[in-house]
2 protein chains.
Amino acid sequence: MAVPSSSPYDNHAHDALLRTASALFLREGEVRRGVELLYFGYTRLTKSIDEGLSEHGLGRAHHRALYFISRQPDLTVSELLSYLAITKQSLGRVVNDLSKRGYIETRAGTTDRRQKLLRLTAEGAAFEAQLFDALRSKLAHAYAGAGQDSVTGFWRVLEGLIPEEERAMVAALQMDER
Amino acid sequence: MAVPSSSPYDNHAHDALLRTASALFLREGEVRRGVELLYFGYTRLTKSIDEGLSEHGLGRAHHRALYFISRQPDLTVSELLSYLAITKQSLGRVVNDLSKRGYIETRAGTTDRRQKLLRLTAEGAAFEAQLFDALRSKLAHAYAGAGQDSVTGFWRVLEGLIPEEERAMVAALQMDER
DNA sequence: GAAGATGGGACAGCCATATTGACGTATCTT
DNA sequence: AAGATACGTCAATATGGCTGTCCCATCTTC
């Protein structure tokens, strides 16, 4: 299958011979580097909030919920579900934990009363802020060391990892940047 | 507490006043953007191999082990442990699974016979390559869309997230690029 | 106003992946 | 010979996911 490839990204398992000569093959090292840096970078960043979480007897799942609720106050359960990409049942546990601890409060939707709008209490906001501080200091340090141009590139590549259909959802988080 | 908030996200418990004027504070939006893109980018990338894994009845833990063994043939159990940052017990299960399936083979260390050197069998290598194809196509697509300069920035920022003490370990993976 | 669709909640049971702590064995080092 | 190290293993536990099923309240549509 002679794909006259100016783009090196069209070769999958089947066309091994083609790949040998392709630019993509030559890039294997760069791809592995990205995989590894993403793995280590991501895990180290998340690790930085684990202590704060376990002090409160919570886990990362709780933080993710806190984070998105903080980011978009009054979001609905189904919106939160689409960010987290887990099942209703799994989210239920997390939300109940956070409610019991007084970190989130809910009220019925205004236009649609079936909806449940989630937002942080003052305590919840303070806790989220504390966790965010750890993320901030780590990421800000990395940003500062790399420089603004690198940060832009960092964003661009990551955006490219997100499927088209989901970009709008991610962008929505930035939209109501206040 | 009257935080004169143009942004709802500046109300962090303690040094609110101090931070208001700091460059770090001004970067909150950029930090949140990085956190979110990292989260979505990382999860979408890993999702791309889940299907290939579950076809074989394996999980992500197995892939991580396969990946590092593939990357550094004949690494020892303790080296693998330091990459994965899990306990011996947790790794044991994963390695046993992979051995039973004939994906990895072991032999005693040459200079130190207490060590167990891990490497992939032909089947293991083929399986790893298949999984890697999914990572490659996703990441290569993101690289291509972002451009080489962005890729460099992407690496730089991620490197900054890895603690000093661990950079050598990560770099070692690139060292014997074959 | 009835029927159906939708948002959300809950029960039961399961699985994957991690943890801690204790202990055992072979091998290397001193 | 003594101790440290590399690796393995037992048992118990936690977390955070999953599926399947059923339910209620509310909105939409005819």
Side-chain angles (χ1 to χ4, degrees), chain A residues 39 42-43 46-47 49-69 74-101 104-119, chain B residues 39 42-43 46-47 49-69 74-101 104-119:
Chain A
Y39 167 71
Y42 182 78
T43 59
T46 57
K47 202 175 273 186
I49 55 171
D50 283 352
E51 196 187 338
L53 280 165
S54 68
E55 277 172 14
H56 292 248
L58 299 174
R60 284 184 198 166
H62 300 97
H63 176 249
R64 288 196 287 271
L66 277 177
Y67 183 95
F68 287 113
I69 296 172
D74 282 340
L75 47 44
T76 65
V77 169
S78 65
E79 283 167 343
L80 182 53
L81 277 175
S82 68
Y83 284 125
L84 297 175
I86 58 177
T87 60
K88 222 178 5 170
Q89 294 79 354
S90 300
L91 179 59
R93 265 197 310 231
V94 170
V95 166
N96 285 337
D97 287 349
L98 294 174
S99 292
K100 275 178 206 148
R101 279 176 173 72
I104 61 183
E105 60 192 7
T106 65
R107 58 193 181 85
T110 47
T111 63
D112 185 339
R113 299 194 48 240
R114 289 172 305 180
Q115 294 180 328
K116 196 158 115 177
L117 306 182
L118 305 165
R119 58 163 54 234
Chain B
Y39 167 70
Y42 182 79
T43 58
T46 58
K47 201 175 275 186
I49 54 171
D50 283 352
E51 195 186 339
L53 281 165
S54 67
E55 277 171 16
H56 293 247
L58 299 173
R60 284 184 198 166
H62 301 96
H63 176 248
R64 288 195 288 271
L66 276 177
Y67 184 95
F68 287 114
I69 296 172
D74 282 340
L75 48 42
T76 66
V77 169
S78 65
E79 283 168 343
L80 183 52
L81 276 174
S82 69
Y83 284 126
L84 296 175
I86 58 176
T87 59
K88 219 176 9 167
Q89 295 78 354
S90 301
L91 179 60
R93 186 181 39 82
V94 170
V95 166
N96 286 337
D97 287 348
L98 294 174
S99 292
K100 275 179 205 147
R101 280 174 172 73
I104 61 182
E105 60 191 8
T106 65
R107 59 194 181 85
T110 47
T111 64
D112 185 339
R113 300 195 46 241
R114 290 172 306 177
Q115 294 179 328
K116 194 157 116 179
L117 306 184
L118 305 166
R119 59 164 53 235

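Residue numbers begin at 1 in each chain, while the letters A, B, ... track the order of the sequences.
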Engineer: Would you indicate, yes or no, if dC7(D) has its OP1 or OP2 atom less than 4.0 angstrom from a side-chain nitrogen or oxygen of Ser78(B)?
Structural biologist: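 For Ser78(B), the contact criterion (side-chain N or O under 4.0 Å from OP1 or OP2 of dC7(D)) is met.
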Engineer: Summarise protein proximity over nucleotides 16-21 of chain D in one line of letters, 5' to 3': B for base, S for sugar-phosphate only, - for none, counting protein heavy atoms closer than 4.0 Å.
Structural biologist: BBBBBB
Engineer: Nearest whole Å is fine: how far is dT19(C) P from Leu84(B) CG?
Structural biologist: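 So the two atoms are 10 Å apart, to the nearest Å.
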Engineer: What is the distance, rounded to the nearest whole Å, between atom CG of Leu91(B) and atom C1' of dT19(C)?
Structural biologist: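 It is 14 Å, rounded to the nearest whole Å.
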Engineer: Just by distance, do the side chain of Thr76(A) and the backbone of Glu79(A) share a donor-acceptor pair under 3.5 Å?
Structural biologist: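 Indeed, once roles are kept as given, a pair shorter than 3.5 Å links the two residues.
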Engineer: Just the rounded figure in Å: distance from P of dT19(C) to CD of Glu51(A).
Structural biologist: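 Atom CD in Glu51(A) sits about 17 Å away from atom P in dT19(C).
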Engineer: Are the side chain of His62(B) and the backbone N or O of Gly59(B) linked by a donor-acceptor pair below 3.5 Å?
Structural biologist: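 Yes, the answer is positive, given that a donor and an acceptor are paired below the 3.5 Å cut-off.
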Engineer: How many whole angstroms separate atom NE2 of His63(B) from atom P of dT17(C)?
Structural biologist: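 Nearest whole value for this atom pair: 13 Å.
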Engineer: Give the rounded distance in Å between these two atoms: CG of Leu117(A) and C1' of dG7(C).
Structural biologist: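 For the pair Leu117(A) CG and dG7(C) C1', the rounded distance is 11 Å.
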Engineer: Decide yes or no for Val77(A) and Leu91(A): does some side-chain heavy atom of the first lie under 4.5 Å from some side-chain heavy atom of the second?
Structural biologist: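 Counting from C-beta outward, Val77(A) and Leu91(A) do come under 4.5 Å.
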Engineer: Separation of Gln115(A) atom CD from dT6(C) atom C1', in whole Å?
Structural biologist: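 It is 10 Å, rounded to the nearest whole Å.
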Engineer: Are any protein N/O atoms closer than 3.5 Å to N/O atoms in nucleotides 27-30 of chain D? If there are, list each pair with its distance.
Structural biologist:
| residue | atom | partner | partner atom | Å |
| --- | --- | --- | --- | --- |
| dC27(D) | OP1 | Arg113(A) | N | 2.7 |

Engineer: Please check if the distance between the ring centroids of Phe68(B) and Tyr39(A) is under 6.0 Å.
Structural biologist: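 For Phe68(B) and Tyr39(A), the ring centres are under 6.0 Å apart.
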Engineer: Heavy atoms, side chains only, cut-off 4.5 Å: are His63(B) and Leu58(B) in contact?
Structural biologist: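 The answer is no, as the side chains (C-beta and beyond) never meet within the 4.5 Å cut-off.
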Engineer: Are Ser90(A) and Thr87(A) close enough that a side-chain donor and a side-chain acceptor fall under 3.5 Å?
Structural biologist: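 Yes, a side-chain donor-acceptor pair sits under 3.5 Å.
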Engineer: Just so I know, are the side chains of Arg64(A) and Val94(A) near enough to count as touching, which here means a heavy-atom distance under 4.5 Å?
Structural biologist: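 Sidechains of Val94(A) and Arg64(A): no contact.
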Engineer: Separation of Arg107(B) atom CZ from dA6(D) atom P, in whole Å?
Structural biologist: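 So the two atoms are 18 Å apart, to the nearest Å.
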Engineer: Should Arg101(B) and Leu98(B) count as side-chain neighbours, where that means a heavy-atom distance under 4.5 Å?
Structural biologist: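 Of all side-chain heavy-atom pairs linking Leu98(B) with Arg101(B), none is under 4.5 Å.
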Engineer: Nearest-Å distance, CG (Leu80(A)) to P (dG7(C))?
Structural biologist: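 Nearest whole value for this atom pair: 15 Å.
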Engineer: More than 12 non-hydrogen atoms from neighbouring residues, nucleotides or ligands closer than 6.0 Å to CD on Glu55(A), yes or no?
Structural biologist: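 Check passes, neighbour count above 12.
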